[in-house]
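All chains are named by letter (A, B, ...) in the order of the sequence lines, taking the proteins before the strands, and each is independently numbered beginning at 1.
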Amino acid sequence: MTDKNTAATSSDSSQNELHGPLIVDVLANSKPGDSLELKGWVRSKRESKAGIAFVALHDGSCFDALQIVIDATLENYADVQALSAGCAISVEGKLVESEGKGQTIEMQASSVTVIGWVEDPETYPIAKKRHTFEYLRSVAHLRPRTNAFGAISRVRSVLSSAVHRYYHERHFHWVNTPLITTSDCEGAGELFRVSTLDMVNTPRMPDGSVDFGKDFFGAEAFLTVSGQLNVESYAMALSRVYTFGPTFRAENSNTSRHLAEFWMIEPEVAFADLNDNAALAEDFLKYLFNAVLNECEDDMAFFAQRVDKDAIVRLEQMQNAEFERMDYTDAIKILENCKKSFEFPVSWGADLQSEHERYLTEEHVGRPVVLMNYPKQIKAFYMRLNDDEKTVAAMDVLAPGIGEIIGGSQREERLDYLDKRLVEQGLDTHLDWYRDLRRYGTAPHAGFGLGFERLVNYVTGMENIRDAIPFPRVPRSAPF
RNA sequence: UCCCCGGUAGCUCAGUCGGUAGAGCAAAUGACUGUUAAUCAUUGGGUCGGCGGUUCAAGUCCGUCCCGGGGAGCCA
């Protein structure tokens with residue numbers, strides 16, 4: 001489809017040829033005296049009836065709006081007077097140094113064209129006032145027009161780009177694992193069924209059970225809960241790989257940290273052990289934080305001012321701090337010996353509760369903690385059994401304020417050990433293809449999963465994961 | 001799924017002892033020659049989440065359902 005004659009390939013500023021410059025370009029590159037045309041939406045309008053109107057024009061390309069100064073002598077000034085928040089307009093004019101205090105540069109308009117009116121300013125859901133995040137969730141199709149959701153969107157996009165850049169620079173290859181799977185044992189959570197069967201007249205087997213052989217894939221199918229098993233097969237050929245895509249869990253989880261549809265990043269590295277895995281997780285997170293600090297200065301300043309005053313400091317301090325690495329067994333000792341009284345008991349062999357994780361990362365250490373080597377009975381079948389035969393080479397990265405942000409492990413590469421775990425978990429009749437990876441040139445390998453929305457929240461200081469994804473899907477709610 | 005809290009104007013909330021509703025913001029209109037969440041004045045705006053019950057009378061009390069928030073479990 002590429003064509004050397006298209007405009008996009010004939011210029012080094014191709015983005016500008018779509019419809020004139022964006023405000024981000026103007027603020028970075030233009031100077032007083034330049035004439036240009038801008039298109040965007042009205043954030044606010046202040047006017048002095050006797051002769052002048054100020055419109056804050058926003059196009060989402062950056063945090064800032066550009067102030068447009070409009071003289072009453074303009075022939076369609078009545079239109080300008082009728083503008084309200086949300087109107088789409090096109091403005092031609094000349095950049096001038098601002099006489100006002102809030103900005104250094106502004107545009108003196110020579111013409112203003114209204115592209116789209118707001119039909120009823122009083123009921124426009126994004127009125128020129130503060131709104132709660134809770135309310136904005138109910139107008140998720142309009143909330144990107146606010147400062148906060150504009151900023152979240154740009155940070156999310158920059159993070160996503162940095163994820164790919166980080167791995168690309170280190171010769172990891174992006175593998176697009178399937179979203180539909182017929183294996184019901186990927187090891188995490190409840191699954192969403194994918195089916196084209198008639199739910200009213202369902203085909204049945206003689207014993208009355210559903211005949212999934214007649215279903216679209218000829219077998220029971222689900223939305224994936226993880227791309228890990230699939231991406232392991234590519235790690236066993238391309239050495240360094242990662243997935244980055246949507247994931248689905250049909251858990252009835254009603255918390256500020258869970259979504260039914262979320263994005264996950266899962267690197268998988270051949271010939272790596274658990275320590276390599278922990279080092280990768282730490283280096284990766286630091287790279288992402290650094291990217292946001294460098295590329296989203298204005299957006300981060302907004303979060304620090306309006307959402308979480310520590311938003312920037314937290315990421316800056318991370319650059320120098322080593323993540324604390326701690327064995328599960330040592331963590332249990334710390335929890336048992338600390339004076340704090342917990343609601344749930346602490347004992348070796350039990351999974352840590354939220355309150356325990358929070359104590360470790362927030363109070364005991366005060367920065368991210370990598371917890372390693374968990375009891376095998378509380379972890380998944382694919383995690384590598386340690387020499388003590390009691391623990392597996394698993395790790396969780398816990399972050400202050402957000403809890404588990406990464407979960408990963410060194411994988412069991414020895415077929416006999418893997419088979420033993422599969423039998424223990426009653427999965428031995430499945431996953432022959434996964435066993436093949438251990439039969440043909442097996443090798444140590446390790447990887448982890450990073451919840452992308454949890455990362456977005458950690459970076460921005462936002463508290464509810466429903467605000468970290470454009471259109472959140474949670475139990476009993478998938479509007480838009 | 002469990003435990004708490006909530007649902008009243010476009011938004012955020014108040015509403016006393018049960019007696020048919022109020023504020024701020026937003027909006028509209030007007031005033032002001034440079035505003036910055038402009039300011040000042042005026043005006044309009046209500047199925048009090050749904051259903052049922054108690055009562056002469058319910059926003060208010062009772063039951064139930066729905067929706068939202070916080071926390072827990074599960075996890076990323």
Rounding to an integer number of angstrom, what distance separates [N] and [M] when you compare their [atom1] atoms?
N: B/rG50; M: B/rC11; atom1: P; answer: 15 Å
N: B/rC25; M: B/rU39; atom1: P; answer: 8 Å
N: B/rU20; M: B/rG24; atom1: C1'; answer: 24 Å
N: B/rG68; M: B/rU12; atom1: C1'; answer: 15 Å
N: B/rU60; M: B/rC48; atom1: C1'; answer: 10 Å
N: B/rC2; M: B/rG10; atom1: P; answer: 34 Å
N: B/rC40; M: B/rG34; atom1: P; answer: 16 Å
N: B/rC3; M: B/rG44; atom1: P; answer: 47 Å

query = Tell me, what's RNA chain B's dot-bracket, Watson-Crick or G-U with both distances under 3.5 Å, | for other-strand, [ ] crossing?
reply = (((((((..((((.....[..)))).(((((.......))))).....(((((..]....))))))))))))....

inquiry  = One character per nucleotide, please: for nucleotides 45-51 of chain B, 5' to 3', B when the base has a protein heavy atom closer than 4.0 Å, S when only the sugar-phosphate does, - otherwise.
reply    = -------

ask   = Nucleotide by nucleotide, 5' to 3', does protein get under 4.0 Å of the base (B), only the sugar-phosphate (S), or neither (-) in nucleotides 37-42 of chain B, counting heavy atoms?
value = -B----

Does [X] have its ring centroid less than 6.0 Å away from the ring centroid of [Y]?
X: A/Tyr166; Y: A/Phe172; result: no
X: A/Phe248; Y: A/Phe222; result: no
X: A/Phe344; Y: A/His356; result: no

For a quick test of reading the model: is some side-chain N or O of [X] closer than 4.0 Å to OP1 or OP2 of [N]?
X: A/Ser256; N: B/rG71; value: yes
X: A/Arg466; N: B/rG69; value: yes
X: A/Arg358; N: B/rA72; value: yes
X: A/Ser354; N: B/rG73; value: yes
X: A/Ser253; N: B/rC75; value: no
X: A/Gln353; N: B/rG73; value: yes

How close or far is atom [atom2] of [N] from atom [atom1] of [X], stated in whole angstroms?
X: A/Glu251; N: B/rU1; atom1: CD; atom2: P; result: 13 Å
X: A/His356; N: B/rA72; atom1: NE2; atom2: P; result: 12 Å
X: A/Glu357; N: B/rA72; atom1: CD; atom2: P; result: 11 Å
X: A/His258; N: B/rU1; atom1: NE2; atom2: P; result: 16 Å
X: A/Glu134; N: B/rC5; atom1: CD; atom2: C1'; result: 11 Å
X: A/Arg476; N: B/rG69; atom1: CZ; atom2: C1'; result: 13 Å
X: A/Glu355; N: B/rG71; atom1: CD; atom2: P; result: 14 Å

Got a second to check how far [X]'s [atom1] is from [Y]'s [atom2], nearest 0.5 Å?
X: A/Met395; Y: A/Tyr374; atom1: CE; atom2: OH; value: 10.0 Å
X: A/Glu97; Y: A/Lys31; atom1: CD; atom2: NZ; value: 12.5 Å
X: A/Asp120; Y: A/Trp117; atom1: CG; atom2: CH2; value: 13.5 Å

[X], [atom1]: over 12 other non-hydrogen atoms inside 6.0 angstrom:
X: A/His173; atom1: NE2; result: no
X: A/Arg240; atom1: CZ; result: no
X: A/His168; atom1: NE2; result: no
X: A/Gln103; atom1: CD; result: yes
X: A/Gln377; atom1: CD; result: yes

request  = Measure from the side-chain heavy atoms of A/Ser477 and tell me the nearest of B/rG10, B/rG34, B/rG68.
outcome  = B/rG68

key: Selection from B/rG69, B/rC11, B/rC75 that lies nearest to any side-chain heavy atom of A/Tyr135   = B/rC11

Pairs under 3.5 angstrom, nitrogen or oxygen only, protein versus nucleotides 2-4 of chain B, please.
none

inquiry  = Do A/Asn254 and A/Pro475 have side chains that approach each other closer than 4.5 Å (heavy atoms only, starting at C-beta)?
reply    = yes

message = Both A/Thr123 and A/Ile465 contact RNA chain B. Taking the nearest nucleotide for each, which residue is further toward the 5' end?
response = A/Thr123

Whichever of A/Glu463 and A/Pro121 has its nearest RNA chain B nucleotide further upstream toward 5' = A/Pro121

side-chain hydrogen bond (donor to acceptor under 3.5 Å, both in side chains) pairs, two or more places apart, involving residues 140-157 of chain A =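 Listed once each, the pairs are A/Arg43-A/Asn147, A/Tyr124-A/Arg145, A/Arg143-A/Asp467, A/Arg154-A/Asp299, A/Arg156-A/Glu453.
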
Step-by-step salt bridge (charged side-chain N to carboxylate O under 4.0 Å, His left out) determination, A/Arg421 to A/Glu424 = CA-CA 5 Å; A/Arg421 293 302 304 279; A/Glu424 279 170 18; 3.3 Å; yes

remark   = Tested for side-chain contact (heavy atoms from CB on, under 4.5 Å) against A/Val459, the lone hit among A/Val155, A/Leu285, A/Leu288, A/Ile152 is A/Val155

Dump every N/O contact between nucleotides 6-9 of chain B and the protein below 3.5 Å, one line per pair.
none

request  = Verify the distance criterion only: is there a donor paired with an acceptor across the side chains of A/Arg46 and A/Ser44 at less than 3.5 Å?
outcome  = yes

task = May I ask you to check whether A/Gln228 and A/Tyr382 show a side-chain donor-acceptor distance below 3.5 Å?
result =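 Indeed, the side chains of A/Gln228 and A/Tyr382 share at least one donor-acceptor pair under 3.5 Å.
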
request  = Check if the side chain of A/Glu99 and the base of B/rU33 share a donor-acceptor pair of N or O atoms closer than 3.5 Å.
outcome  =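 No.
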
Charged N-O contact under 4.0 Å between A/Asp283 and A/Lys286 = no

